[in-house]
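Chain A is the first sequence line, chain B the second, and so forth, proteins listed ahead of strands; every chain is numbered from 1.
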2 protein chains.
Amino acid sequence: MVEQESQHRLTDIFKAAGDPTRRSILTLLAQHGPLRVTDIAAHFDMSLNSVSKHIKVLEGAGLVTRRTEWREHMIELRVEELAHVDRWFRDLRSIWALRLEALDHLLTQETDP
Amino acid sequence: MVEQESQHRLTDIFKAAGDPTRRSILTLLAQHGPLRVTDIAAHFDMSLNSVSKHIKVLEGAGLVTRRTEWREHMIELRVEELAHVDRWFRDLRSIWALRLEALDHLLTQETDP
DNA sequence: GTGTTATTCACCCTTATGGTTGAACAAGAA
DNA sequence: TTCTTGTTCAACCATAAGGGTGAATAACAC
């Protein structure tokens, strides 16, 4: 099912965004544009290795892409991917709104014989 | 700092939304309005206990509130809390857009002496 | 060739997460 | 009182997550 595929994707995105370091990386990329792994790591009090792992998580979630130019890996933010999250929240709110609307309609019927 | 408090909140929300079961619970609540723990658990092939824990995570993230009426606990969705996530994404995108704009401005200056 | 730079890979360690079961508690029903 | 219902608490277990170090790889600089 396509539905499941989408759910899986959403899980990866939320999990990726659920870590403060990874959110910082995303902000950094939004500010500076594509950066090398080393450049990103320089902003954190953490081993390069750990930062590399965080980047892989972001990459796995599709929030970031890697352009490997010779030995440098340029990491770039993929803003488009954020749309998935937007859509999920929007859907949730619309389900919520529809229920309230239906409830309101029901009440109006009852009090308006 | 207030900034840190906000970051912590965001982390909790993302982590809570990072689990498919918990997202299902949120959808369920949006559809049906306030529900009891048992009612929610009935929708999942999982022990009541596990569902109870999931609800506590959602509660901790502020995505849900609990109204304890005698021995029944009514769980209710708090749509307002989703705004935090919206804002974060909106900010990220605006940082991104500002950088592109500045870049564009720079290019225009260079090619227009 | 050797040296340096940029990254990842393979482990290791500690803590968090998601699930289970069984006991405990609280309150109405018989 | 005993029974049932609704819920949490306390362990426990397996696996994932986030951090570290050291070796491996890849490619340029000398």
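- For the pair A:Arg67 CZ and C:dT7 P, the computed distance is 13 Å after rounding to whole Å.
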Could you pull out every donor-acceptor pair under 3.5 Å between side chains of residues 38-47 of chain A and any protein atom, sequence neighbours left out?
unit_1: A:Asp39; atom_1: OD1; unit_2: A:Arg36; atom_2: NH2; d: 3.0
unit_1: A:Asp39; atom_1: OD2; unit_2: A:Arg36; atom_2: N; d: 3.3
unit_1: A:Asp39; atom_1: OD2; unit_2: A:Arg36; atom_2: NE; d: 3.1
unit_1: A:His43; atom_1: ND1; unit_2: A:Asp39; atom_2: O; d: 3.1
unit_1: A:Ser47; atom_1: OG; unit_2: A:Ser50; atom_2: N; d: 3.1
unit_1: A:Ser47; atom_1: OG; unit_2: A:Ser50; atom_2: OG; d: 3.1

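- By the criterion of side-chain heavy atoms lying less than 4.5 angstrom apart, applied directly or through intervening Ile, Leu, Val, Met, Phe, Trp or Tyr residues, A:Ile95 is not grouped with B:Leu77; the two fall into different hydrophobic clusters.
- Aromatic rings from B:Phe14 and A:Phe89 are positioned such that their centres are separated by 6.0 Å or more.
- Here the P atom of nucleotide C:dT7 and the CD atom of A:Glu59 are 12 Å apart, to the nearest Å.
- Taking every heavy atom of residues 28-41 of chain B and every atom of DNA chain C, no pair lies under 4.0 Å.
- Whole-Å rounding puts the B:His73 NE2 to D:dC9 C1' distance at 13 Å.
- Note on A:Glu81 versus A:Arg78: salt bridge recorded, some NZ/NE/NH1/NH2 to OD/OE distance being below 4.0 Å.
- Under the 4.0 Å criterion applied to side-chain N and carboxylate O atoms, B:Arg90 and A:Asp86 are not assigned as salt-bridge partners.
- Annotation: side chain to side chain contact (heavy atoms under 4.5 Å, CB included) contacts of A:Arg99 (sequence neighbours excluded): A:Trp96.
- Spacing between atom CD1 of A:Ile55 and atom P of D:dG19 amounts to 13 Å, rounded to whole angstrom units.
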Table please: side-chain donor-acceptor pairs of residues 25-32 of chain B below 3.5 Å, with sequence neighbours left out.
unit_1: B:Thr27; atom_1: OG1; unit_2: B:Arg23; atom_2: O; d: 3.1
unit_1: B:His32; atom_1: ND1; unit_2: B:Leu28; atom_2: O; d: 3.1

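- The salt bridge (Lys or Arg N to Asp or Glu O under 4.0 Å) check on A:Glu101 picks up nothing, with sequence neighbours excluded.
- Straight-line distance from the NZ atom of B:Lys56 to the C1' atom of C:dA16: 15 Å, rounded to whole Å.
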Treating primed atoms plus P, OP1 and OP2 as sugar-phosphate and everything else as base, which nucleotides of nucleotides 17-30 of chain C get B, S or - for protein heavy atoms under 4.0 Å? SSBBBB----B---
